[in-house]
Amino acid sequence: MDTTLWRELPEHLLDIVLAGLPVQSLTRFRSVCKRWESMLLSPNFLKLCAGRQSEKPWFLFSGPSGECIAHNANSNKWVIFPLNFLPSFKSVVAASRGLLCVKGEDDRIFVCNPLTRSSVELPPMSIQRENPVMGLVVDEDQNSFKLIVTSSFYDSLRASDVTTEVFDSVSRSWKLIDSRLSRFPLQREALSYNGFLYSAGCSTVLVYDVNNEIWNQMDSPVMELGVKGPKLDTTVLPKICECKGRLLMVAISVNSALVITRVAIWELAQERSSGRWKEMEVLPAPMLEEVVRLLPHGYLSNLPQYSGNDDLMCLVIASSRVLVYCISHRTWYWLPSCPFIREFGPKAFAFQPIPSAPV
């Protein structure tokens with residue numbers, strides 16, 4: 001092909017061509033030359049990207065040293081998201097609609113778009129917090145985001161001492177929320193969905209109404225579980241995820257030797273105000289046997305991480321393999337082994353790469 005044709009191609013047509021490429025290709029093209037990097041960050045190009053159809057869901061995982069690893073379902077390949085463009089990086093603590101919330105050294109907090117490498121450092125909160133629940137909520141219509149942070153005071157575990165602060169990207173400031181909790185499960189992750197923030201412990205799910213700035217709570221599936229048999233214990237994993245508008249949690253049963261005997265997915269009833277859960281799916285016996293073989297000595301030493309995105313739910317097994325459940329086809333399968341790290345860290349997030357997501 002005559003390269004002069006591409007050199008003479010009008011810039012707005014080049015924008016249209018590039019905006020149709022997969023997101024992973026766009027990240028590589030940034031390094032071609034400064035002109036292309038500038039073009040891929042231009043308002044016109046980002047506007048074109050905003051109108052493109054969403055790709056298949058991605059899953060984001062932390063490595064043992066804080067690395068940021070993602071699985072691209074479109075290519076079925078693993079990619080590394082380097083976050084070295086941030087002044088300080090320790091771990092990803094929240095993700096929503098193309099943005100990541102990253103905790104740096106000395107409790108510094110950043111919100112960034114890893115595709116465009118744009119970022120903002122948030123000002124310090126009014127209260128020193130240890131291991132808070134952090135949730136990121138993106139408003140695509142307003143091109144803005146909110147970061148909700150809740151915890152007790154630095155050295156207190158009493159629910160009466162739990163407070164919430166909200167950072168609004170429009171005002172660029174924190175606001176202390178006057179909404180208290182009667183119980184505070186020790187859970188660090190939160191899910192943003194449809195104007196609410198959900199944070200689940202083993203027995204309780206906290207629900208924050210973003211617009212009305214009010215906390216409520218409901219029971220987890222633990223209240224629906226009965227004794228399944230002798231010497232059997234069932235634990236609801238302290239996390240909640242969303243797939244196709246359905247709120248899901250995972251329950252794992254073990255015997256007296258801590259060997260997994262059952263993995264089940266529970267779904268919150270359509271009438272969410274009822275707080276009732278129903279069992280939706282159980283891991284088939286042949287796949288369960290594969291899971292047990294992967295675990296050291298066959299027993300569960302750490303609670304698996306999991307996340308949901310669009311039609312898929314993933315579970316990290318033995319910190320090294322990722323098991324996926326497809327809701328529409330009701331099928332289970334393994335992701336290919338990650339070539340970059342031997343084991344995953346304690347975090348798993350749903351991630352949707354959006355070049356136009358602003359900070």
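What you are looking at is a predicted structure, and each value in this text was computed from that prediction instead of being measured.
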Flag side-chain contact, heavy atom, 4.5 Å: [X] against [Y]:
| X | Y | result |
| --- | --- | --- |
| Ile109 | Met125 | yes |
| Asn216 | Tyr208 | no |
| Cys112 | Val102 | yes |
| Trp332 | Glu281 | yes |
| Ile252 | Leu237 | yes |
| Thr164 | Leu176 | no |
| Tyr198 | Val205 | yes |
| Lys90 | Arg108 | no |

For [X] against [Y], the heavy-atom pair lying closest together:
| X | Y | value |
| --- | --- | --- |
| Pro123 | Phe167 | CD-CE1, 3.5 Å |
| Ile127 | Glu165 | N-OE2, 3.6 Å |
| Pro87 | Phe110 | CD-CE2, 3.7 Å |
| Val291 | Leu283 | CG2-CD2, 4.0 Å |
| Arg117 | Pro82 | NH2-CG, 4.1 Å |
| Gly98 | Pro114 | O-CD, 3.7 Å |

Determine whether a donor-acceptor pair (N or O, by modelled atom type, separation under 3.5 Å) exists between the side chain of [X] and the backbone of [Y].
| X | Y | result |
| --- | --- | --- |
| Asn72 | Asn76 | no |
| Trp266 | Leu247 | no |
| Lys239 | Leu191 | no |
| Ser199 | Leu206 | no |
| Ser169 | Phe145 | yes |
| Ser320 | Arg342 | no |
| Glu267 | Ala269 | no |
| Thr150 | Val133 | no |

Please round to the nearest 0.5 Å and tell me the distance separating atom [atom1] of [X] and atom [atom2] of [Y].
| X | Y | atom1 | atom2 | value |
| --- | --- | --- | --- | --- |
| Phe351 | Arg97 | CZ | CZ | 10.5 Å |
| Ile265 | Lys278 | CD1 | NZ | 13.0 Å |
| Ser192 | Leu197 | OG | CG | 6.0 Å |
| Phe61 | Ile69 | CZ | CD1 | 10.0 Å |
| Met249 | Leu268 | CE | CG | 10.0 Å |
| Leu248 | Cys241 | CG | SG | 5.0 Å |

>> Is it the case that over 12 heavy atoms from other parts of the model lie below 6.0 angstrom from the CZ atom of Arg172?
In response: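 For Arg172, atom CZ is crowded (more than 12 foreign heavy atoms under 6.0 Å).
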Flag yes if [X] and [Y] sit in one hydrophobic cluster, no otherwise; membership is Ile, Leu, Val, Met, Phe, Trp, Tyr, and two members link when side-chain heavy atoms are under 4.5 Å apart.
| X | Y | answer |
| --- | --- | --- |
| Leu335 | Ile80 | yes |
| Phe85 | Leu115 | yes |
| Leu288 | Leu258 | yes |
| Val259 | Leu294 | yes |

How about [X] and [Y]: does a side-chain donor come under 3.5 Å of a side-chain acceptor?
| X | Y | result |
| --- | --- | --- |
| Trp174 | Ser126 | no |
| Trp334 | Glu290 | yes |
| Asp311 | His329 | no |

> Quick one: ring-ring contact (aromatic ring centres under 6.0 Å, His included) partners of Phe59, sequence neighbours excluded?
Replying inline: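 Phe59 satisfies ring-ring contact (aromatic ring centres under 6.0 Å, His included) with no residue once adjacent residues are dropped.
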> What's the verdict on salt bridge (Lys or Arg N to Asp or Glu O under 4.0 Å) for Lys175 and Asp168, showing C-alpha distance, side-chain angles and the deciding distance?
Replying inline: CA-CA 8 Å; Lys175 178 182 179 181; Asp168 191 328; over 6 Å; no
> Could you walk me through whether Lys347 and Ser91 pass the side chain to side chain contact (heavy atoms under 4.5 Å, CB included) check?
Replying inline: CA-CA 9 Å; Lys347 301 283 187 178; Ser91 63; 5.8 Å; no
> How would you list, by chain and number, every residue that makes a side-chain contact (heavy atoms from CB on, under 4.5 Å) with Val282, sequence neighbours excluded?
Replying inline: Arg262, Ala264, Glu279
>> I need the single residue from Trp78, Phe349, Tyr306 that forms a ring-ring contact (aromatic ring centres under 6.0 Å, His included) with Phe344. Which is it?
In response: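 Only one of Trp78, Phe349, Tyr306 forms a ring-ring contact (aromatic ring centres under 6.0 Å, His included) with Phe344, namely Trp78.
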>> Does Trp215 form a ring-ring contact (aromatic ring centres under 6.0 Å, His included) with Phe196? I'd like the steps, not just the answer.
In response: CA-CA 10 Å; Trp215 281 102; Phe196 292 88; over 10 Å; no
> Can you name the side chain to side chain donor-acceptor pair (under 3.5 Å) partners of Asn212, sequence neighbours left out?
Replying inline: Asp209
